[in-house]
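Chain A is the first sequence line, chain B the second, and so forth, proteins listed ahead of strands; every chain is numbered from 1.
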Amino acid sequence: MNEPNVVHLFQREDHLAPVNVPMQTAYEIEQFLYAEAELLDAWKFRDWLALMAPDVHYWAPVRENRLAREMEREMYPPGTAAHFDENLHMLGERVNRLYTNMAWSEAPPSRTRHLVSNVRAHTTGQADEFDVQSSFHVYRTSSERHQDSVIGKRFDRLRRANAPYGFQIVNRTVVFDMATLLVKNLSLFY
Amino acid sequence: MDVSHLIDPDRGLIRGEIFHSQAIYEQELEQIFARSWIFLAHDKMLPQPGDFIQNYIGEDPVLVVRQPDGSVRAFLNQCRHRGMRICRADRGNARNFMCSFHGWNYGLDGDVINIPHGEAIYDAVERAEFRATPVRLANYKGFIFGTWDAAAPAFEDYLGDFAWYFDAYIDRYEGGLEVVGMHKWVLPANWKFNAEQPASDMYHGEVSHASAFQVMVPPPKDAHSPPPDWAMRQLGQLSNPSGFQFASPYGHGNGWFAGGMPTMNETIYRWQEATAAQVAARLGPERVLSAGHANIFPNFMMLSNYTFRVTHPRGPNEMEIWAWSMAPVAAPAEVKEAIRLDLLRTFSPAGMFEQDDAVNWEEEQRILRGHMARKAPLIYKQMLGRARYDADGLPGRTVPHVYAEEGARGMYRHYMDMMSGAPWPDLTRRKQQREDAERRALAAQGQPPAKPDAAAA
């Protein structure tokens, strides 16, 4: 057996541990994620951007098909292939693009539904920060008859903040379930 | 099926049927993909013995494998027994490849090395008959191409004059390129759209990518200042375009702005400026800026920002894009990182340029379902009749404008040659005769025709 040199994102012990935040905290975190989904589906991207901490890192690594014995290598590591690898300024450029009225991939704008589920939260070394996992299904329909689905999982670090929905996103790792993306683009946010 | 009534490169007219027809698609797999040189891997993707990647020639999966002696071999990823794929991973490291149907086991070179109970059930195991079907390979400066066709020209002859232009993408700096990562995704459009565009169409950028250019311009220092001078110079190329386009008799195309490909990344821009003299010393002054976008026929495209990609055909209505990000080995770490981030933010499926290209091709494909949409030929007449040979220090056939369709006309002229089914030696002879006649005619005129449509009139 090869010794894994990259721990598979889905097999980290801290991700698999039982949820350890109080019920009230879990509820607040869930409501935050639902509010975020609402903003994205409403094309309120500047309000969505306000949910990001100033030091946010928004990252979506590429994955690929590996032999079972090389499964721990299926994710491209940090600093290599990614769909998103953004700080706040970079996310801002993407948001601004959608409002130019010339972002042809979203003209006419698509209609999306961000469904968020399987929310699990854990405490961290910081009293006001939480590690939160969630699954998402983003259904998109556009133009006359286009529809597609993107499904995956998110690993978030949330920080309590004096902000509209009570938290800010410090770190988000988005893992799409597809290796070859069977959609024409990733024109929105996940 | 005869496609010659659908394509008229001399008049710059092409009927949309070639993007739509299932029969033409099947013929392309046989006459184009099985007879052309197809990009399979880069040396840096296979550093160790046993390293393999799976790629495709058309719809045929191919395993490309680093051998224990350091060479590279490739073979059809199909068990000779019942035709299943031998290896189902995208890449990895292996000592051998076992088909998981009946356990036929293939060595790294594609030879069958074990057949369960073989001695009891086969009279003889003929090596040549039982081995996985081998691919003929060529390695050009680390880029590994393969073809099934033993009669295809040697790869360097197939590249021809394009080799000079190719080097401006891959051999600008000592040490060549390294591989950063890759993206794979599908688009509901014909593969030729993503071959034709980098071969020929810089014209779309100003409008198709208006939103990306707009938001990526670096902000001014304060509210009263204009954006930085360098960024405005880059955008100025779009409003006042000049440059060249190259067309190869083998269907390759290259196009570039006289001032270089506009980039909105200051780190990359400054590094390009700082190393321009070094590149000029290595390649000559003509090639410092001659990397814009290009396609090696049929389906290997590249941009000067170091995306290198194959557009795999998946039926007339779908393509699968495999795009590798690369970076010059010689670049400083912060430049490599800038190239990586710039690429994934511009030319990946989430990229701010790529996604707008995708909807253009999707719309073209969708509309070509219509009878009338396919009836009237599409217009490919930009810079028609303006081709010259070996002009302005540029080898081969070029036209003196970056917005031209000479690359597309050259691509579809070669496409017609291939689709005719004529054997390679006949095609090579036909191409040489065509070029000789053109060169003689141009020499007799003394100058290229003055008006764009003069040759068609």
request  = Would you mind checking which part of B/Asn93 comes under 4.5 Å of any heavy atom in chain A, side chain (CB onward), backbone (N, CA, C, O), both or neither?
outcome  = both
query = For B/Phe353, is it the side chain, the backbone, both, or neither that has a heavy atom closer than 4.5 Å to a heavy atom of chain A?
reply = neither
inquiry  = Between B/Val359 and chain A, with a heavy-atom cut-off of 4.5 Å, which part of the residue counts as in contact: side chain, backbone, both or neither?
reply    = side chain
Under 4.5 Å from any heavy atom of chain A - which part of B/Gln214 = side chain
key: Closest contact, heavy atoms only, A/Leu158 versus A/Ile169   = CD2-CG1, 3.7 Å
key: B/Arg85 charged N/C atom sitting above B/Phe97 aromatic ring, 6.0 Å / 45°   = no
note = In terms of heavy-atom contacts, B/Gln365 and B/Asn190 come closest through OE1-N, 2.7 Å
remark   = Residue from A/His146, A/Glu144, A/Lys184 scoring the most non-hydrogen pairs under 4.5 Å with chain B is A/Lys184
note = If you tally heavy-atom pairs under 4.5 Å between each of B/Lys184, B/Met216, B/Arg340 and chain A, the highest tally belongs to B/Arg340
query = Side chain, backbone, both or neither: which part of B/Glu320 has a non-hydrogen atom closer than 4.5 Å to chain A?
reply = side chain
Heavy-atom contact with chain A under 4.5 Å, split by part of B/Glu318 = neither
note = Bottom line for B/Ala189: the part with an atom under 4.5 Å from chain A's heavy atoms is neither
inquiry  = Given heavy-atom pairs under 4.5 angstrom as the criterion, report whether the side chain, backbone, both or neither of B/Ser348 touches chain A.
reply    = side chain
